[in-house]
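Sequence lines set the chain letters: A, B, ... in the order given, protein chains first and strands last, and positions in each chain run from 1.
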Amino acid sequence: MREFAQLLIAGLSTGAIYASLALALVLIYQSTEVVNFAQGEMAMFSTFIAWELIDKGMPFWAAFALTLALAFFGGVTIERVIIRPVEKASVLTIVIVTVGLLLIFNNLAGGIWGFQLKTFPSPFPSGTWQVSGVVISQQSVGVFGVALLVMALLAVFFRFTALGLAMRATAMNREPAELMGIHTTWMLALGWGLAAVVGATAGVLVAPIVFLDPNMMQGLLLFAFAGATLGGFESPGGAVLGGLLVGVAQAMIGNYVSFIGTDLSLTVAMAIIVLVLVFKPTGLFGQAAARRV
Amino acid sequence: MGGIWQRAHVPSLAWLGVALLLIIFPPWLAGGYRIFQFTFVVIYLIAILGLNIVTGYNGQFSLGHGAFFAVGAYVTGALMFHAGAPYWATIPLAGLTAGVVGFLFAIPALRLSGLYLALATLALAISVPQILKKWESVTGGVQGLVLTKPHSPIGALTSDQWLFYFTAVVALALYIAAWVVLRSSVGRAFVAIRDNEVAAEAAGIPIARFKTLAFGMSAFYAGVAGSLSAFVVAYVAPDSFDFLLSLNLVVGMVVGGTGTIVGPALGAVFIEFLPSYSQDVSRAAPGVVEGVVLVLFMYLMPTGVAGFVATAGRKALSLVRRRTADHAAAGPVTPTLADQEPRAGPGEGG
Amino acid sequence: MLEIRDLVAAYGPVTALRGVNVRVPQGTTVTILGANGAGKSTILRAVSGLLKPTHGSIQLDGERIDRKSAASIVRRGISLVPEGRQLFTALTVEQNLRLGAFTRSDRRGVREDLLRVYDYFPRLRERMKQPAGSLSGGEQQMLAIGRALMAHPRLLLLDEPSTGLAPFLVRDIFQIVSTINREQGTTVLLVEQNATLSLSIADYGYVIETGRVVIEAPAHELRENEAVRKAYLGY
Amino acid sequence: MRGYRWLTVPVVIAGVLLAAACGSSSKSTTPTQAPGGATAPAASSSPSAAAAPQCNKAPNQTEGVTATEISIGNTDAYSGPASAYAVIAKAEDAYFKWVNDQGGVNGRKIKFTSLDDSYSPPKTVEQTRALVEQDHVFADFNPLGTPPNTAIRQYLNDRGVPQIFVATGAATWALDHPKYPCTIGWQPNYQSEAIIYGKYLLANRPDAKVAVLFQNDDYGKDYLKGLKAGLGAKASQMIVKEESYETSEPDVSPHVTTLKNTGADVFIVVATPKFAAQAMKAAAQLDWKPLIIDNSVSVDLNTMKAAGAGADGVISAAYLKDPSDPAWASDATVVQYKDILAKYGSGADPNNVFNFYGFAVADTLVQAIKQAGQDLTREGLMKAADNMNYTSPYLLPGITIHTSDAQKDWAPIEEMQLEKYSVAKGSWERFGQVLEGAVR
């Protein structure tokens with residue numbers, strides 16, 4: 001039982017990492033209906049900026065705030081300068097542009113900061129709590145807490161604020177959104193900016209755990225995709241729960257299903273996703289309406 | 001877009017001529033290493049052609065064709081390595097195996113569309129190398145399988161030249177096959193489903209059957225491409241079929257021009273040569289160059305090279321017409337992007 | 001109030017309007033009749049800023065609006081109920097209505113208008129927490145009109161509101177449009193294929209064919225017009 | 001469509017089961033243990049002093065060599081997931097520039113052409129052919145990675161082009177050298193190192209319960225193989241759990257949880273830096289205090305610092321001097337390395353061990369070229385590589401590069417020395433004798 005609880009905790013800690021990045025994916029999808037393949041690399045780049053600021057002697061929270069501001073500005077700029085010219089083209093074209101961005105950010109970070117591992121200071125204490133023999137790391141609890149907080153903020157934003165509704169309306173159907181008097185082009189830019197902010201938050205949160213290097217997000221992003229898919233791209237709550245589920249499933253399957261073994265846990269995670277999609281195509285928490293891309 | 005096939009009899013003959021010239025001459029003009037590159041262009045061309053069938057003509061978004069490519073490569077690799085099969089004999093089986101895998105995968109994928117289908121195929125692309133690693137007795141695990149490079153049966157040709165002609169002939173045959181299928185009622189069904197699934201179903205087209213067929217056929221092409229790559233490289237290993245391969249195929253398809261005749265060829269040239277030229281520009285960060293080129297390409301030619309040429313051609317044509325004929329005369333309705341047409345059907349799509 | 005002069009518009013290479021003149025005086029209901037593809041909807045798209053005309057002008061109270069963006073035209077008091085409703089199907093009824101008032105900052109006015117819309121369409125009040133996509137066709141049309149009203153427009157544009165609806169629903173909706181025109185003084189420009197009904201509530205009508213106005217007259221005259229009767233009224 | 005839906009479950013499950021089943025069946029086909037504990041790979045012929053390999057197939061033995069220049073090629077991952085290793089090729093470039101400014105080797109300057117293969121075997125083949133057929137390089141030096149090197153081995157041997165001092169620690173480069181005479185490795189192979197750990201455990205902790213975390217690829221599996229060879233007959237009794245991870249996983253701590261639960265008191269970490277740091281850190285966080293043995297791939301001070309408290313008392317093995325270790329701060333070779341890197345390395349980090357590795361292997365190449373003499377041929381270069389007895393100043397004292405010894409096992413470096421890390425001091429301390437881990 002203790003073993004099970006410890007694995008559950010380990011799975012939840014990993015899951016919280018997936019969840020925080022999945023939130024950024026949900027955000028960009030909700031506000032632009034684009035899947036941004038560069039999302040992880042943008043988050044990584046922001047995290048490097050935070051690292052550089054801290055390395056230059058700035059206090060952690062000041063560096064964090066400045067990084068979020070830069071990320072927002074960067075996200076808006078990318079939308080206005082790079083995505084804008086192709087926004088009327090097909091989804092495939094936009095996907096390819098985000099792939100281009102992925103290559104650029106990854107290699108740029110490597111060129112500037114190198115590919116060697118960097119440690120990143122954690123805003124949370126590095127200690128642990130022991131609850132009847134089960135070890136819980138305070139850092140993981142911190143990541144978990146922030147992910148929940150971001151989730152709550154996003155849910156409120158998208159459901160109850162005029163700006164949030166306007167962003168969703170723009171993503172769903174631009175023409176009628178414009179008929180509502182919404183400046184849709186700015187909504188899209190705003191969506192990119194906010195997604196960059198959430199991504200940067202996720203990056204700064206997870207960097208102390210997975211360490212900082214230009215490739216830190218590549219594996220992560222896949223599982224975040226999985227989490228977002230599982231929960232449904234429609235709901236921030238779903239993304240968090242989906243991310244946690246993927247993390248727990250990975251830890252459990254590797255340990256308890258011996259004939260599969262840990263080396264196939266990835267494959268199994270992917271298979272679960274496909275199965276979930278088959279029976280609930282919009283994810284566990286998505287709404288009924290099917291979507292076209 | 002589908003109309004191009006119908007309207008293109010004369011241009012397609014011209015393209016056939018160009019293709020033949022491109023097939024016959026390069027091996028005599030270039031060294032072995034260049035021929036190897038050209039051979040890979042042909043291999044990518046076949047895979048992109050396959051991807052085009054399912055994505056360009058049937059509207060199903062796949063980010064996982066590297067998986068079918070890998071299946072084809074490993075069928076050939078395993079047959080050559082373990083059973084000593086001659087390389088040419090493995091190709092049909094490699095294609096069919098990949099096709100069956102694609103068909104089976106398409107069954108659950110039927111329920112998915114757009115983004116979710118893309119993610120499911122992405123999952124496939126990531127899973128397949130893992131399974132290959134695990135299945136060590138057949139696949140050689142991470143170390144892969146070292147194969148014997150085929151010799152040329154014709155004395156006048158080097159092994160490289162022979163392999164180029166061999167792959168080129170396979171490609172030509174597959175090109176013609178695709179052309180025939182896409183012009184037939186099957187191809188029209190593919191396109192009808194892409195343009196409006198509800199309308200296609202109402203018209204009595206069995207959606208499930210044609211969607212799985214398109215996926216299977218597409219995977220067959222990717223499998224054949226993989227099979228060819230296995231003996232051209234004379235080595236198969238999981239590292240050769242990472243997610244970047246799948247992504248590259250999509251890039252090739254889009255850059256060349258989705259759903260066009262010449263698109264796959266242009267796209268194949270692009271993905272084969274871009275990395276080498278990028279590192280000539282910047283050794284420090286070739287990825288930045290690659291990314292920038294990719295973004296610029298999409299910026300300048302959002303419908304791919306083929307789409308761009310077609311649009312430019314049309315514009316030039318209508319300019320000439322406008323000068324000569326009455327300004328009121330309107331050109332034919334030929335939207336370049338399905339997406340620019342008003343969305344069909346109220347509401348449901350959201 | 002609205003003055004369209006010599007309007008030419010095209011979709012890519014296809015010319016849809018070839019010099020149209022339409023006037024909509026303050027407080028009236030004007031209808032544009034015509035067959036499918038005659039260019040009726042194109043006029044509304046141009047007025048609401050979704051389509052930039054290639055030639056001609058559109059003036060609202062003397063100000064040219066044909067180069068303005070759709071968003072800024074809404075702010076000038078023109079609301080379009082688009083063809084096919086174009087609702088935000090994943091959002092609730094209430095969220096759709098609130099988006100309709102996106103440009104407004106007078107909270108009290110918005111609340112009053114929301115209540116008024118619920119009074120016009122009691123069905124919407126019953127379903128305010130449901131996603132718009134789950135409504136029936138008639139309810140969706142009500143929501144589309146309600147959403148446009150939430151902007152508190154001076155000029156309401158309606159594009160084929162009767163499409164796909166049962167006859168009794170169509171009558172209800174036209175009734176309400178006419179009520180809105182009367183009670184609130186909202187000017188209405190209505191594009192329809194159902195000539196009988198639209199002429200019954202309109203003051204003035206235009207008939208267009210292949211991008212040109214072929215007949216224009218007060219509504220009661222059009223109802224008597226031989227050609228119009230044959231072509232559009234079916235008797 | 002609906003009818004198809006239920007087919008999905010069996011199809012997906014069957015797929016996973018099939019994959020799993022195939023995986024487990026493969027276990028029976030892994031090489032069996034030969035008496036004496038060493039693995040006996042079937043493919044390699046047993047090396048003997050009599051059969052000296054000859055790399056003499058090249059029709060043009062001096063291609064790429066002029067009176068003033070030697071053209072050397074290389075492939076490395078400048079892009080893609082393995083790009084951390086591109087530092088090596090850049091360091092080699094810096095080193096050769098310095099050599100050239102010193103007058104070159106035997107009066108010839110080295111022209112170094114390094115191309116990007118993004119660690120993808122087909123790309124490696126393409127780039128290597130470009131190097132050989134277009135740039136006409138004399139030799140392919142230190143190309144990166146086991147799969148990429150495997151992909152080009154046959155080609156280079158058919159052409160008689162030296163594939164010299166490859167940047168991988170697989171055992172095959174030494175074992176199969178007689179079959180591929182133009183190909184030779186350099187660094188101690190993974191199996192050698194693991195044999196050393198096995199021997200150490202047998203001697204010092206014979207009753208240990210050993211848990212292993214390894215990367216699921218050739219590198220991880222080679223270590224596992226070597227460890228079993230080193231433990232010999234007691235291997236199956238001592239190793240209580242082998243747990244593998246994939247590089248796509250973000251955090252390996254769930255695996256560490258599993259390993260801790262086995263009650264093991266020795267934890268062997270076969271992981272690249274990021275994952276090794278995570279594993280050591282996780283062990284400390286879980287309050288698990290086994291003897292940790294960390295593979296030499298991940299011993300740079302950055303990694304150890306990242307591991308935090310978990311790094312204390314960790315044991316590893318080394319063969320190179322560590323440029324970040326204060327103990328070597330005044331060592332002439334390390335000082336010179338830092339000077340050269342500062343001048344030619346365009347801002348490279350001297351504490352990055354990959355830079356030092358690049359210098360060390362490049363220095364060995366220069367040594368081999370010198371040894372091959374004024375009349376440089378491809379056959380001559382490989383003959384020199386096959387007959388080295390070189391005390392490289394980059395290696396730890398007591399460790400040499402030797403292929404000329406009687407055993408002729410074609411592994412240039414196969415000795416290492418154990419070392420222990422202290423968090424308080426922030427450095428490694430070597431202990432005990434230099435140990436030998438030859439793979440036979």
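- In this structure, chain A has heavy atoms under 4.5 Å from both the backbone and the side chain of C:L99.
- A:E87 has a carboxylate O that lies under 4.0 Å from a charged side-chain N of A:R174, or vice versa, which qualifies the two as a salt bridge.
- Ranked by non-hydrogen atom pairs under 4.5 Å with chain A, the options C:A70, C:A148, C:G100, C:S134 are led by C:A70.
- The six-membered or imidazole ring of A:F158 lies away from that of A:F160, with a centre-to-centre distance of 6.0 Å or more.
- Looking at C:R45, only its side chain comes within 4.5 Å of chain A, counting heavy atoms on both sides.
- Outside the 6.0 Å centre-distance limit, the rings of A:Y18 and A:F225 are not counted as a close aromatic pair.
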message = For a side-chain hydrogen bond (donor to acceptor under 3.5 Å, both in side chains) check, start with the C-alpha distance between C:T179 and C:E183, then their side-chain angles and the critical distance, and finish with the verdict.
response = CA-CA 6 Å; C:T179 311; C:E183 286 183 357; 5.7 Å; no
